[in-house]
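Written below as structure tokens is the structure these notes are about.
All of these numbers come straight from a predicted model, not from anything done at the bench. Scope of the values below: all heavy atoms of this structure, side chains included, with no hydrogens, waters or symmetry mates. In what follows, every chain begins at residue 1, and chains take the letters A, B, ... in the order their sequences are listed.
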Amino acid sequence: MLDMLSHSFHLLIFPGGLFALLLGLLLKGFDRKICARLQRRVGPPILQPFYDIIKLSQKETIIPDTANKAMFKFAPVFGFMGMMVAAMLIPVPGVWNGASGLGDMLMLLYLLPIPAIAFMLAGSASSSPYGAIGTSREMVLMFAYEIPLLVVLLTVALKAGGADGSEFSLAQVVAFQHENGSFGFNLSMLPAFIAFLCFIPGTMGVVPFDLPEAEPELLEGPLLEYSGPLLAMFNLMSALKLVVVMGLGVALFFPGTIPGGAVANLAWFIFKCFMLMLVSVTIVRTATGRLRTDQTFKFYLKYPSVLAYVSLGLTLLFK
Amino acid sequence: MSIIDAIKSKAVRSPWLYRINAGSCNGCDVELATTALIPRYDVERLGCKYCGSPKHADIVLITGPVTSMVKEKVLRVYEEIPDPKVTVAVGVCPISGGVFRGSYSVPIMLDDIIPVDVNVPGCPPRPQAILEGVAMALDIWKTRI
């Protein structure tokens with residue numbers, strides 16, 4: 001019973017649910033503001049993503065006649081719920097250790113592609129040609145960025161396992177780094193960290209790798225036919241995903257804590273998420289243009305995968 | 001005013017724009033792109049965003065005289081925009097036909113087929129005028145939410 005209560009608290013309030021939603025929308029607001037400032041524009045207010053959600057929830061929902069209606073409505077809910085569960089598994093170092101009984105890293109590996117799958121469902125259910133192209137591109141992109149992620153997670157698991165075996169629990173990975181220093185400052189883990197940085201823009205669907213949405217050519221692909229509350233659901237999903245991916249990055253590479261108790265560590269966690277987003281999302285998307293599908297696929301197979309394998313080899317050698 | 005109403009009224013700070021080219025010569029479209037892309041005018045400061053899909057739009061900006069070939073398509077795209085929405089006619093063409101007035105392919109004006117809320121005259125209008133038109137459209141949109 002108590003277990004049930006604590007799980008629902010973690011799912012709905014902290015670190016999943018309410019906390020992750022607010023943090024994700026706030027991070028998105030900062031992302032847009034900083035992007036605008038880098039382009040020397042005034043930019044939207046920082047609370048803009050909140051206004052967008054409030055606006056969308058009051059709009060009319062239009063469902064195309066030719067769409068598969070049940071699937072069309074189900075896709076955003078599916079993606080949103082998947083990310084809610086994923087956000088619950090993210091440890092906040094110094095505040096909460098993560099739901100270690102629920103599987104952690106392997107669970108996340110299964111939960112992280114859910115938004116991509118929700119996009120594919122949405123694109124194919126909406127019966128729009130743009131949605132169909134978006135779906136096929138999303139699939140290619142997913143195959144490309146899942147490989148480096150898998151190898152990075154494997155490397156971290158082997159490293160955190162110490163002299164013998166591997167450790168797939170995020171709580172144990174964080175604990176190991178508290179004792180032996182953060183992996184982000186470890187020379188043999190540096191290639192894996194760079195591979196993870198390359199993975200982030202792909203999974204978040206931001207500019208160099210935003211093939212499925214590609215606003216100027218595909219008109220947001222799978223999201224084209226969505227309007228009103230269902231579109232708001234997709235926005236909330238990507239806000240949650242931002243927190244999940246940044247939180248995962250912090251847990252894998254920089255889980256250090258600062259003295260000063262839970263509140264200070266919470267602020268420290270938010271700051272680290274923000275810095276990670278600044279480096280891997282905001283600056284990248286401001287400074288680059290979109291790659292073609294084949295270029296993206298080759299990029300992921302050439303650089304992040306190789307870097308991740310280098311790290312894996314180094315870890316195995318110096319175990 | 002309750003808290004719910006106060007939150008709901010914030011919706012007015014997120015107007016998404018959608019452009020329809022109803023046979024325009026592209027002059028007004030260039031000016032529209034100017035308001036979006038050039039740091040000096042930056043329409044995003046009002047919370048606006050140009051979106052690619054009519055389903056995401058709140059404020060629709062229509063340029064060009066409505067030629068007979070494009071009339072049905074404009075109507076169809078217009079109907080795909082979810083309520084509440086505001087229409088802004090940009091340039092002199094949707095108002096009176098402009099330099100195309102009297103042509104065999106411009107038999108009707110825009111407000112014969114669509115209720116127009118704001119007119120931004122000019123050939124093409126200055127970016128400042130377009131921004132003012134968007135701001136006026138926001139005031140109208142406020143009453144419809």
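Interface residue A:Leu56: only side-chain heavy atoms are found under 4.5 Å from chain B. Only the side chain of A:Leu231 comes within contact range of chain B, judged by heavy atoms closer than 4.5 Å. The part of A:Gln48 that comes within reach of chain B is its side chain, from C-beta onward, which places non-hydrogen atoms under 4.5 angstrom from that chain.
Counting non-hydrogen atoms of neighbouring residues, nucleotides and ligands closer than 6.0 angstrom, the NZ atom of A:Lys69 exceeds 12 such neighbours. Within a 6.0 Å radius of CE in B:Met109, more than 12 heavy atoms belonging to other residues, nucleotides or ligands are found. A:Tyr130 OH: 12 or fewer foreign heavy atoms inside a 6.0 Å radius. More than 12 heavy atoms of other shown residues, nucleotides or ligands fall within 6.0 angstrom of atom CD in B:Gln128.
Side-chain atoms of A:Lys59 and B:Pro84, non-hydrogen and from C-beta on, do get closer than 4.5 Å to each other.
For the pair A:Leu224 and B:Ser53, the tightest heavy-atom approach, listed with the atom from each and the gap, is O-OG, 2.7 Å. Of all non-hydrogen atoms in B:Lys55 and A:Ile62, the two that sit nearest each other are CE-CG2, 3.9 Å.
In this structure, A:Lys55 is not positioned above the aromatic face of B:Trp141 in the sense of NZ or CZ being under 6.0 Å from the six-membered ring centre and within 45° of the axis.
Of the listed residues A:Ser57, A:Pro45, A:Pro44, the one with more heavy-atom pairs under 4.5 angstrom with chain B than any other is A:Pro44.
For the atom pair NE2 (B:His56) and CG (A:Leu223), the distance works out to 6.0 Å, reported to the nearest 0.5 Å. With values rounded to the nearest 0.5 angstrom, A:Cys35 atom SG is found 7.5 Å from B:Glu44 atom CD.
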